[in-house]
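Okay, so here's the structure we're looking at.
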Amino acid sequence: MTNQEIAHILYNISEYLAMEDVPFKPRAYEKAAINIEALEESVSDIYKKQGFKGLEKISAVGKGIAYKIEEYIKTGKIKEYEALKKKTPVKLDELSAVEGVGPKSILKLYKELKIKTVKDMERAVKNKKIENIEGFGPKSQENILMAINFLQKSGGRFPLGYILYDIRRIEERIKKLRGAKKILLTGSIRRMKETIGDADLLVSVANKKAAEEIMDYFINMPEVAHIYSHGTTRSSIKLKNHLDFDLRVVPEKSFGAAAQYFTGSKDHNIELRKIAIKKGLKLNEYGIFRGKTPQGRGRQIVGRTEEEIYKILGLKNIEPEMRENTGEIEASQKNRLPKIIGYNDLCGDLQMHTTWSDGQNSIEEMAKKAMQMGLEYIAITDHVRGSFNHNVSGKELLNQGKEIDKTNKKFKNFKILKGGEVDILNDGRLFMKDDVLKKLDIVGASVHSNFKMSKQQMTERIIRAMKNPNVDILFHPTGRLIQMRPAYELDIEKIIRAAKETKTVLELNSYFNRLDLKDEYVRMAKNAGVKISIDSDAHSVSHFQYLELGIAQARRGWLEKKDVINAWPVDKMLKMLK
DNA sequence: GCCGTTTTCGGCCCGACTGTTTTCAGTCG
């Protein structure tokens, strides 16, 4: 019984209630679902330890929802939910994934046409049944068809590193247009979430004509596959790579407010609005307003910059990566925000591969590129393992050491460290003998086989490896590949405790589809006093660019420079290793 | 259904765009 399961049911109840136009309850269920999904501890553990009272302590969960969770834990069912499903037996998840179709439409289509699934919906569209229903028309019908087609083509979200660089190129082009004043990517891209659902670009302009020209350019770009909407302040398109892309145009006096608003997250913004209301102010995407004017908006007090917005609300500016309503607002009010690590703060990179194992470039090529990236040191960590072809043996490791010594002589103010990524065997022993590992500067250990162990076995396996005095870093600790492979079963709290006890560093792997540890685990590690290394895991010189994604993830986990060992000079970094 | 440094009752974030209407409902972010 996972938190995701429970959250999922609460989301669905929220949708069912919204169908019937029940006031306020949908949002209450939705909030509870969001909080439960983000919870570190499992809800069933909370119930086991603290009972009903424990459930009530979960934020946004009161008596009503707590009873339902209790019922689900005890019986595996929630009567009210079963009744809702029976009353409107539709595949909610499927249908609400269709863009533009919400609870009201789902209910109407079920009542009128008995549509229960996306397949039913597709059939109805093709037979032109939907356009005859009151409130729908030919346009709605066509839009639903488009949305269904997209749904079938793509999974919805994209790993950030998969589209970020393309989006930035479009941003650069729009930046150069006449009439574009300020420009900013907002939304989940600015918050640097590990995956994003769409892109949001914000542009400020001096006048209406400039706005029209920019909108015109946007909807006519060669990358555009479809135009959803085209207005003077907002246009919405789909790119040929299937990514949805919104452009918003605002006057300069509202740029800061719009930047704040569209960066989100939604929950962060709701909290800010509440603070505004308490102060007798109104916050929206055009600024902060006081009083009422005939137009209804009141008089704008601020809006030009984000800093002003936060300041008026009594807050220190909050970095975009932290705006998730997970304590940052309170920390800001109390002036206790950490000074999180910056994008130029790394001095070194402690995991990468060369042609000695499965990398594309030589040691020297990797070193030169790292220097260009502004780094002062790197560790070469080729695979030390038995199960694949691309790896180095103990003897080769020692030979590689000689090449590193030779290469090091070519550089001033740059250091190549000797390392290895050694496989953790099924029982927690390492693939390489200790007397070889002892000679390396940096040893990272990682799991590359037998992912489907039980949670307990896997946890013990990894903890045993961390207890090895030669293991400095646990590489990609949970083994997930975003949208490809889930993390192996792991008791992350135990792993973090063991890391603290054994002085093992946990890696935050920056590779775009790893980003392992994920942000909430990063924060747990920090709070436990465990050190982190942010590594590229580069298999070619082009992969160093992903360090940015790892730093972003670290920022989302509130890490400071002092928490990240490769943000330290090389001597200090080496001293703290085992 | 949840919540409380105005409150245990009475509030609950807010605006743009579309498609359907002829003043608005639904959806989205």
Side-chain angles (χ1 to χ4, degrees), chain A residues 10 13-15 17-19 21-35 55-69 80 95-109 130-144 146-147 186-188 191 196-200 202 215 227-237 244-250 254 257-258 260-289 295-298 314 325 330 333:
Chain A
L10 296 177
I13 293 177
S14 161
E15 289 257 301
L17 296 172
M19 275 182 196
D21 228 0
V22 177
F24 305 112
K25 287 191 191 184
R27 180 68 186 144
Y29 277 94
E30 191 190 349
K31 268 157 89 175
I34 289 171
N35 286 334
L55 298 179
E56 270 190 293
K57 273 190 218 151
I58 299 168
S59 150
V61 174
K63 280 207 164 52
I65 292 178
Y67 276 126
K68 293 201 171 63
I69 296 174
E80 191 180 325
L95 292 173
S96 49
V98 180
E99 190 82 1
V101 175
K104 301 285 168 57
S105 304
I106 292 173
L107 182 63
K108 201 159 204 180
L109 291 175
I130 290 181
E131 63 182 7
N132 298 323
I133 294 172
E134 195 196 339
F136 293 81
K139 269 284 196 187
S140 325
Q141 188 167 262
E142 193 187 315
N143 286 340
I144 289 174
M146 293 283 307
T186 60
S188 50
R191 303 202 312 282
I196 64 156
D198 65 359
D200 297 283
L202 178 68
M215 283 299 181
I227 301 165
Y228 294 113
S229 67
H230 176 204
T232 52
T233 65
R234 172 182 172 187
S235 290
S236 210
I237 59 172
D244 286 345
F245 196 168
D246 278 10
L247 176 65
R248 326 255 181 167
V249 172
V250 294
S254 295
Q260 194 289 313
Y261 179 86
F262 292 120
T263 296
S265 67
K266 188 176 171 183
D267 285 333
H268 174 89
N269 286 356
I270 287 174
E271 289 309 306
L272 291 195
R273 274 163 198 253
K274 287 183 189 164
I275 294 173
I277 290 168
K278 274 187 193 153
K279 291 180 183 292
L281 304 168
K282 188 162 81 166
L283 170 63
N284 60 29
E285 60 262 55
Y286 297 105
I288 289 191
F289 297 85
Q295 293 81 35
R297 222 171 230 163
N325 193 28
E330 200 191 348
Q333 280 170 327

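All heavy atoms count here, side chains included; hydrogens, waters and symmetry mates do not. Being a predicted model, the structure only gives us computed values, none of them experimental. Sequence lines set the chain letters: A, B, ... in the order given, protein chains first and strands last, and positions in each chain run from 1.
Contacts of A/Lys25 with the nucleic acid, taken as non-hydrogen atoms under 4.0 Å apart, include base atoms. Using a 4.0 Å heavy-atom distance criterion, A/Lys31 is classed as making no nucleic acid contact. Using a 4.0 Å heavy-atom distance criterion, A/Lys68 is classed as a sugar-phosphate-only contact.
Contacts of residues 130-138 of chain A with DNA chain B (heavy atom under 4.0 Å): A/Gly135, A/Phe136, A/Gly137, A/Pro138.
Straight-line distance from the OH atom of A/Tyr228 to the P atom of B/dT18: 13 Å, rounded to whole Å. In this structure, the CD atom of A/Gln260 is 15 Å from the C1' atom of B/dG15, given to the nearest Å. For the pair A/Ile270 CD1 and B/dC3 P, the interatomic distance rounds to 14 Å; values are reported in whole Å. Remark: C1' of B/dT5 and CD of A/Gln333 are 12 Å apart, rounded to the nearest angstrom. Atom-to-atom, OH of A/Tyr29 to P of B/dC3 comes out at 13 Å; the value is rounded to the nearest Å. Note: CD1 (A/Ile144) to C1' (B/dG19) measures 11 Å, nearest angstrom. The NZ atom of A/Lys139 sits 9 Å away from the C1' atom of B/dG19 (whole-angstrom rounding). Atom P of nucleotide B/dA16 and atom CE of A/Met215 are separated by 13 Å, given to the nearest angstrom.
For A/Arg273, the salt bridge (Lys or Arg N to Asp or Glu O under 4.0 Å) criterion is met by no residue, not counting sequence neighbours. Contacts of A/Glu56 classified as salt bridge (Lys or Arg N to Asp or Glu O under 4.0 Å), with partners at least two apart in sequence or in another chain: A/Lys63. Residues satisfying the side-chain hydrogen bond (donor to acceptor under 3.5 Å, both in side chains) criterion with A/Asn143, sequence neighbours excluded, are absent altogether. The side-chain hydrogen bond (donor to acceptor under 3.5 Å, both in side chains) check on A/Lys31 picks up nothing, with sequence neighbours excluded. A search for side chain to side chain contact (heavy atoms under 4.5 Å, CB included) contacts involving A/Thr263 returns A/Thr186, A/Arg190, A/Arg191, A/Glu306, A/Pro320, A/Arg323, not counting sequence neighbours. For A/Lys266, the side chain to side chain contact (heavy atoms under 4.5 Å, CB included) criterion is met by A/Glu30, A/Ile270, not counting sequence neighbours. Applying the salt bridge (Lys or Arg N to Asp or Glu O under 4.0 Å) rule to A/Glu99 yields no partners; only residues at least two apart in sequence or on another chain are considered. Scanning for side-chain hydrogen bond (donor to acceptor under 3.5 Å, both in side chains) contacts around A/Asp244 gives A/Tyr228, A/Lys238, with sequence neighbours left out. Under the salt bridge (Lys or Arg N to Asp or Glu O under 4.0 Å) criterion, A/Lys279 pairs with no residue, sequence neighbours left out.
A/Leu247 CG to A/Ile237 CD1: the interatomic distance, rounded to the nearest 0.5 Å, is 8.0 Å.
Separation of the P atoms belonging to B/dG1 and B/dT5 is 23 Å when rounded to the nearest angstrom. The C1' atoms of B/dC9 and B/dC14 are separated by 24 Å, rounded to the nearest whole Å. Taking atom P on both nucleotides, B/dA16 is separated from B/dT21 by 24 Å, rounded to a whole Å. For the P atoms, the distance linking B/dC28 with B/dT23 amounts to 26 Å, nearest Å. Distance check on atom C1': B/dC13 versus B/dG29 gives 12 Å, rounded to whole Å. A distance of about 38 Å separates the P atoms of B/dG10 and B/dC17, rounded to the whole Å. Rounded to a whole angstrom, the distance from the P atom of B/dT20 to that of B/dT27 is 13 Å. The same atom, P, is picked in B/dG26 and in B/dT22; the two are 15 Å apart, to the nearest Å.
Nearest to the side chain of A/Ala60, among B/dC3, B/dC12, B/dC13, sits B/dC3.
Look at A/Lys139 and A/Glu142 and you find no salt bridge, because none of the NZ, NE, NH1 or NH2 atoms lies under 4.0 Å from a carboxylate O. Salt bridge status for A/Lys274 with A/Asp267: absent, with no side-chain N to carboxylate O gap under 4.0 Å.
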| task | Take nucleotides 23-29 of chain B nucleotide by nucleotide from the 5' end and write B, S or -, depending on whether a protein heavy atom sits under 4.0 Å from the base, only from the sugar-phosphate, or from neither. | result | ---SSSB
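A donor-acceptor pair is defined here as one N or O able to donate and one able to accept, closer than 3.5 Å; no such pair exists between the side chain of A/Glu131 and the backbone of A/Gln141. Proximity of a side-chain donor or acceptor of A/Lys25 to a complementary backbone N or O of A/Ile13 within less than 3.5 Å is not detected.
Projected onto DNA chain B by closest heavy-atom contact, A/Gln141 and A/Lys274 fall at different nucleotides, the more 5' of which corresponds to A/Lys274.
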Pairwise N/O distances under 3.5 Å, protein to nucleotides 6-9 of chain B:
none

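Residue A/Tyr286 has a polar side-chain atom (N or O) positioned under 4.0 Å from OP1 or OP2 of B/dA16. Contact annotation: A/Asn269 does not reach the phosphate of B/dC13 (side-chain N/O to OP1 or OP2, under 4.0 Å). Phosphate contact (OP1/OP2 of B/dT20, side-chain N/O of A/Ser140, threshold under 4.0 Å): present.
Taking a pair to require two hydrogen-bonding distances under 3.5 Å in either a Watson-Crick or a G-U wobble arrangement, B/dG4 pairs with B/dC9.
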